[in-house]
Amino acid sequence: MTPDDSAAFAPSADDVRRVLTDARRFLVQQRDLFGNVLPVGDSRPAAPADPPPTAATAYGEGPLPQAAPTAPTGDPADPYRGGPTKTAAGEVIVPPEIAAATDLPMLYGQINGCLKCPLGATRKHVVFGVGDPKTRLLVIGEAPGADEDERGEPFVGRSGMLLTKMLAAVNFSREDVYIANIVKCRPPNNRDPHADEVDTCQGYLRRQIALIDPPFILVLGKVAANTILGRNDSMMKLRESAGAHEFHGIRVFVTYHPAALLRNEAWKRPAWEDLKALRRAYDA
Ligand code: URA
């Protein structure tokens with residue numbers, strides 16, 4: 001190639017401007033979705049101060065958080081303290097190394113071995129998730145139990161068997177969907193995960209959702225639903241607006257956790273209605 005030939009392939013000033021504009025738009029969109037983990041400038045004027053956290057801002061529906069996350073502190077006196085999990089405005093922080101994961105195996109590699117909350121000390125396996133990474137339906141439960149901790153796979157115990165049947169009842173197989181949990185490690189004695197444990201795991205789940213990018217999420221039970229939706233409501237209230245919930249543009253359906261259905265048969269009928277509503281929306 002002569003110098004003249006190579007000049008013909010040199011990008012014009014317009015090409016460069018277009019690429020930079022596209023890159024900037026992409027980064028701003030990522031920040032809007034997953035928090036201010038990248039140092040992206042913004043032509044919008046900075047907010048004068050962080051707004052107080054509200055249920056709406058905590059899950060990204062309100063004004064953009066302006067506060068940059070601080071780096072994890074890694075306090076040697078407390079090996080479980082992984083640093084802040086939310087901005088002052090209550091927005092979930094996705095740590096930079098987690099935001100950098102470009103596929104699920106890479107993300108798993110990043111979080112396997114996590115000791116950022118006390119659950120790391122008692123778990124056998126990080127229960128990351130299983131299923132089709134390109135699925136249109138992500139199912140989110142609460143936390144692994146003993147069977148899941150043993151096998152490193154979500155929903156493989158009694159609740160899992162019921163979940164498999166619930167999905168099959170509306171024509172989904174486990175292989176069609178992706179199944180994950182709000183927290184990746186088993187809480188001892190199957191207690192509910194504590195708020196700090198949930199918060200610590202949220203950056204991981206955020207990235208997992210972003211990588212799968214499904215149009216539909218089915219959340220199982222009150223803890224999972226309130227975490228995803230940034231609310232603090234009863235199951236009755238959460239189910240009332242079935243299908244009208246949204247998480248960053250993803251339609252969210254809420255139903256009873258299979259473990260609750262094993263305890264209370266009377267909830268099986270309303271759960272069936274929830275699943276049929278999901279199936280109708282999915283097929284529409
Ligand atoms: N319950 C859950 O919420 N998740 C599991 O993986 C198993 C039981």
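First listed ligand is number 1; within each ligand, the first listed atom is number 1.
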Would you mind listing which atoms of ligand 1 come within a distance below 4.0 Å of any non-hydrogen atom of [X]?
X: H257; answer: 1 (N), 2 (C), 3 (O)
X: E142; answer: 2 (C), 3 (O)
X: P154; answer: 6 (O)
X: G141; answer: 3 (O)

Return the option from P193, A143, A259 holding the heavy atom at the smallest distance from atom 8 (C) of ligand 1.
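Residue with the shortest heavy-atom distance to the ligand atom: A143.
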Under 30°, 30 to 60°, or over 60°: which ring-plane class applies to W267 and Y256, parallel, tilted or perpendicular?
parallel
Under 30°, 30 to 60°, or over 60°: which ring-plane class applies to F128 and Y178, parallel, tilted or perpendicular?
perpendicular
Heavy-atom donor-acceptor pair, R207 side chain to A101 backbone, under 3.5 Å:
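Yes; judged by distance alone, with no hydrogens or angles, the pair exists.
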Under a 3.5 Å distance rule, please check whether Q110 uses its side chain to pair with a backbone N or O of M106 as donor and acceptor.
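Such a contact is absent between Q110 side chain and M106 backbone.
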Stepwise side chain to side chain contact (heavy atoms under 4.5 Å, CB included) check, I209 with F247
CA-CA 10 Å; I209 295 173; F247 175 83; 3.8 Å; yes
Residue pairs involving residues 134-154 (criterion ring pair (Phe, Tyr, Trp, His ring centres under 6.0 Å); sequence neighbours excluded)
none
Nitrogen or oxygen atoms of F155 and ligand 1 under 3.5 Å apart
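For ligand 1, there is an N or O atom that lies under 3.5 Å from one belonging to F155.
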Could you find the nearest protein heavy atom to atom 4 (N) of ligand 1 and give me its residue, atom name and distance?
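Checked against all protein heavy atoms, atom 4 (N) of ligand 1 sits closest to N181 OD1, 2.8 Å.
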